[in-house]
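Okay, so here's the structure we're looking at.
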Amino acid sequence: MIDTLYEWIWWDRFWLPVNLTWADLEDRDGRVYAKASDLYVTLPCAIAFLLVRYLFERLIATPLAASVGIREKARLRVADNPILELYYLSHSRNPGQAGLDGLSKKSGWCVRQVERWFRKRRNQDRPGVLKKFREASWRFVFYLLALIGGVVSLYDKEWFYDTREVWNGFPKQTMLDSQYWYYILEMSFYGSLLFRVTFDVKRKDFKEQIIHHLATLTLLSFSWCVNYIRIGTLVMLIHDASDVLLESAKLFNYAKWETTCNSLFVVFAIVFMVTRLIIFPFWLIHCTWVYPTLQYPPFFGYYFFNVMLVVLLFLHIFWAYLILRMVNKFLFGKMTRDERSDVEEDGEESSLTEEEKEKGSYCYTNGNGSGLGTKEGNNGCFRHLSLSENVCPSKTVY
């Protein structure tokens, strides 16, 4: 049963052009081909990347952050409340009005107190600038080294300048050592990102990032197995070209070097649009969509590879939309953050209306007022009082 399924999955007609078999991709006559078993090494390499990243962030990125004035800021922890904590962890981080009312009755707090508790609890979980700086530092270093390595390994290759050469002699194209390490290191890096995805900074495009990582790993794995390595290296190179600029702009943004950050962001936006929305679809996808059919009739692997490229293209269009929104704010307004980033919610002070600040407010729990709306009252709702005093403006008494 398992052997039959294995043979069906790796059926030649699925992945290779007509009249070609896996036997044609076995090492012979001085030619070396990529093998699916070679990809097993990416797992220990991904784990090694996690270890190197841990050491890098603590021994290099943290001192670097301190040198530009970035330090971990202590955040006030919310008051202990097992009922609200359980709901926060198991149900929702941002309950609706019905949830707030139910929790108010269970906890003995007024709705306003419960709402503030959840707001502060969400802020407590948000990553600090230091964590973002360390993460961006690690990615910047990798993308920079990967970009340099990619250029060094490709600048003297014919297919770097003429994409028709990608298919010259396909599939009997020997694998070079530079291609082997370029692939293994890139796949191991993306694998390490997947391992860390639940711990890294989560942004609004979290789901799109997951899809991107999975599509990239699938694309690279497939191209490795069927010897689409030449086009695979070109795809990796154009991605690294813009990624290194994005991460460097983040670093200067966290360090509050606004002029440098803005300049790098403009360069990043230009490079992103050129590489992801022009070169990628009109050179690389055109290369994989048109040229192979000049040598072989279309087959399943041909369609599969191009569909994965189109998935990446749609993600590029989505991110281009976010970038253009940021460019619009940069040119016509004030850009203060990454469009993909969450905003730290306002504290309890900003949630008070001017009328409540002037008159004071009562906090009602199960219909009973919890105190006087006066500056001197222990349960007053003026902003100089803390949550520990069990105050929150829920109704204004006239």
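Any value given below was found using the heavy atoms of this structure, including those in side chains, with hydrogens, waters and symmetry copies removed.
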Calculate, to the nearest 0.5 Å, the distance between atoms [atom1] and [atom2] belonging to [X] and [Y] respectively.
{"X": "I70", "Y": "K131", "atom1": "CD1", "atom2": "NZ", "value": "15.5 Å"}
{"X": "F268", "Y": "S248", "atom1": "CZ", "atom2": "OG", "value": "9.5 Å"}
{"X": "E186", "Y": "C45", "atom1": "CD", "atom2": "SG", "value": "13.0 Å"}
{"X": "F189", "Y": "T216", "atom1": "CZ", "atom2": "OG1", "value": "11.0 Å"}
{"X": "W257", "Y": "N262", "atom1": "CH2", "atom2": "CG", "value": "14.0 Å"}
{"X": "F118", "Y": "N123", "atom1": "CZ", "atom2": "CG", "value": "13.5 Å"}

Can you name the residues that form a side chain to side chain donor-acceptor pair (under 3.5 Å) with [X], not counting sequence neighbours?
{"X": "Q179", "value": "none"}
{"X": "K106", "value": "none"}
{"X": "Q97", "value": "D101"}

Next on the checklist: Can you list everything that forms a salt bridge (Lys or Arg N to Asp or Glu O under 4.0 Å) with R31? Sequence neighbours excluded, please.
Outcome noted: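 Applying salt bridge (Lys or Arg N to Asp or Glu O under 4.0 Å) to R31 gives none.
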
Item to check | Those residues that, when tested against D240, pass salt bridge (Lys or Arg N to Asp or Glu O under 4.0 Å) (two or more places apart) | outcome: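 None.
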
Any side-chain heavy-atom pair from [X] and [Y] closer than 4.5 angstrom?
{"X": "L64", "Y": "F133", "answer": "yes"}
{"X": "Q113", "Y": "R116", "answer": "no"}
{"X": "P171", "Y": "L20", "answer": "yes"}
{"X": "L193", "Y": "F49", "answer": "no"}
{"X": "T233", "Y": "S153", "answer": "no"}
{"X": "W319", "Y": "L315", "answer": "yes"}
{"X": "I231", "Y": "F305", "answer": "yes"}
{"X": "R230", "Y": "F160", "answer": "no"}

For residues 293-300, please give each side-chain donor-acceptor pair under 3.5 Å, one per line with the distance, not counting sequence neighbours.
unit_1	atom_1	unit_2	atom_2	d
T293	OG1	V290	O	2.6
Q295	NE2	W167	O	2.8
Y296	OH	F170	O	3.0

Donor-acceptor pair, distance only, cut-off 3.5 Å: does the side chain of [X] make one with the backbone of [Y]?
{"X": "N168", "Y": "R164", "value": "no"}
{"X": "S188", "Y": "L185", "value": "no"}
{"X": "W224", "Y": "K35", "value": "yes"}
{"X": "T174", "Y": "V32", "value": "yes"}
{"X": "S223", "Y": "I229", "value": "no"}
{"X": "S263", "Y": "T259", "value": "yes"}
{"X": "N227", "Y": "A34", "value": "no"}
{"X": "N328", "Y": "L324", "value": "no"}

For this output row, return yes or no: ring centroids of [X] and [Y] closer than 6.0 angstrom.
{"X": "F252", "Y": "F140", "value": "no"}
{"X": "W138", "Y": "Y54", "value": "no"}
{"X": "H239", "Y": "F280", "value": "yes"}

In terms of hydrophobic clustering (I, L, V, M, F, W, Y; side-chain heavy atoms under 4.5 Å; direct or indirect links), are [X] and [Y] co-clustered?
{"X": "V244", "Y": "M273", "answer": "yes"}
{"X": "Y303", "Y": "L220", "answer": "yes"}
{"X": "F282", "Y": "I270", "answer": "yes"}

Output side-chain donor-acceptor pairs under 3.5 Å for residues 307-314, partner residues at least two apart or in another chain, one line each.
none

Report the residues that fulfil side chain to side chain contact (heavy atoms under 4.5 Å, CB included) with [X], sequence neighbours left out, ordered by chain and then residue number.
{"X": "I60", "answer": "F56"}
{"X": "A48", "answer": "none"}
{"X": "L194", "answer": "I210, H213, L214, L217"}

Next on the checklist: I need the full list of salt bridge (Lys or Arg N to Asp or Glu O under 4.0 Å) pairs touching residues 133-153, with sequence neighbours left out, sorted by first then second residue.
Outcome noted: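 As it turns out, the salt bridge (Lys or Arg N to Asp or Glu O under 4.0 Å) pairs with a partner in residues 133-153, which skip direct neighbours, are E135-R139, R139-D200.
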
Could you check whether atom [atom1] of [X] has more than 12 heavy atoms from other residues, nucleotides or ligands sitting under 6.0 Å from it?
{"X": "Y161", "atom1": "OH", "value": "yes"}
{"X": "R58", "atom1": "CZ", "value": "yes"}
{"X": "W22", "atom1": "CH2", "value": "yes"}

Checklist entry - Judged by modelled atom types alone, do R276 and S242 share a side-chain donor-acceptor pair under 3.5 Å? => result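 Yes, a side-chain donor-acceptor pair sits under 3.5 Å.
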
Using a 3.5 Å cut-off and no angle test, enumerate the donor-acceptor pairs between side-chain atoms of residues 78-88 and protein atoms at least two apart in sequence or in another chain.
unit_1	atom_1	unit_2	atom_2	d
N81	OD1	I83	N	3.2
N81	OD1	L84	N	3.2
E85	OE1	R121	NE	3.0
E85	OE2	R121	NE	3.4
E85	OE2	R121	NH2	2.8
Y88	OH	R93	NH1	2.8
Y88	OH	D125	OD2	2.7

Next on the checklist: Give me the atom names and distance for the closest heavy-atom approach of N94 to S92.
Outcome noted: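 Minimum heavy-atom separation between N94 and S92: N-OG, 3.0 Å.
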
Checklist entry - Where does the angle between the aromatic ring planes of F304 and W15 fall among parallel (under 30°), tilted (30 to 60°) and perpendicular (over 60°)? => result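 It falls in the perpendicular class, over 60°.
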
